[in-house]
Trainee: 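After the structure tokens below, expect a handful of questions from me.
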Amino acid sequence: MKLPIDFRKKEEIDRGEKEYDRVVPDYFVAIARIMENLSTVLASGAPAVLLVGDSAPYGVYVDTPGLIAKLAKCQGFTLEEDVILRHRGQRWASNATRHNVQLAERLVLLRRD
């Protein structure tokens, strides 16, 4: 399966934490497979609703809902709505090592073409 998004590998970050250069692409490959499976079982016009949040590992913003919408489009879905339900990440605002990226939990409504 050829993905419409270019995931170039970044230098590995050795902080004893998750290797996001591996986790993030694997996550989107799995999502692409889910979209492919949904496209085979949903009738034309059927909705698919996802509740997802964007992220910023090590301060690098990942527009998870936007990327999911692009993957879904390749499988015959149209993005109908992308609604911010709440902003998140404020509980760590006082952490001096935390990034300053505003994150949100979003509802993504897709429709099968």
Trainee: Side chains of Leu50 and Leu107: does their closest heavy-atom pair fall under 4.5 Å?
Mentor: no

Trainee: Roughly how far apart are Phe28 CZ and Met35 CE, rounded to 0.5 Å?
Mentor: 11.5 Å

Trainee: Check whether any side-chain heavy atom of Val108 sits under 4.5 Å from a side-chain heavy atom of Leu110, and report yes or no.
Mentor: yes

Trainee: Under a 3.5 Å threshold, yes or no: a donor from one side chain and an acceptor from the other, between Asp54 and Thr64?
Mentor: no

Trainee: Quick one: pull up CD in Gln102 and CZ in Arg88 and give me the separation to the nearest 0.5 Å.
Mentor: 10.0 Å

Trainee: So do the side chains of Phe77 and Leu38 get within less than 4.5 Å of each other, counting heavy atoms only?
Mentor: yes

Trainee: With rounding to the nearest 0.5 angstrom, report the CD to OG1 distance, Glu80 to Thr78.
Mentor: 7.5 Å

Trainee: Asp63: what forms a salt bridge (charged side-chain N to carboxylate O under 4.0 Å, His left out) with it, not counting sequence neighbours?
Mentor: Arg106

Trainee: Rounded to the nearest 0.5 Å, what's the gap from CD1 on Ile31 to NZ on Lys70? Could you check?
Mentor: 15.5 Å

Trainee: Once rounded to the nearest 0.5 Å, what's the spacing between atom CZ of Arg111 and atom CG of Leu42?
Mentor: 10.5 Å

Trainee: Do Val49 and Val52 land in one hydrophobic cluster if side-chain heavy atoms of ILVMFWY residues count as linked below 4.5 Å?
Mentor: no

Trainee: When you compare the side chain of Pro57 with that of Val62, does any pair of heavy atoms fall below 4.5 Å?
Mentor: yes

Trainee: I'd like to know if Leu109 and Leu85 are part of one continuous hydrophobic network [Ile/Leu/Val/Met/Phe/Trp/Tyr, side-chain heavy atoms within less than 4.5 Å].
Mentor: yes

Trainee: Treating Ser39 as the side-chain partner and Gly76 as the backbone partner, does any N or O pair qualify as donor plus acceptor under 3.5 Å?
Mentor: no

Trainee: Tell me every residue that passes salt bridge (charged side-chain N to carboxylate O under 4.0 Å, His left out) with Glu105, counting only those two or more places apart in sequence or in another chain.
Mentor: Arg86

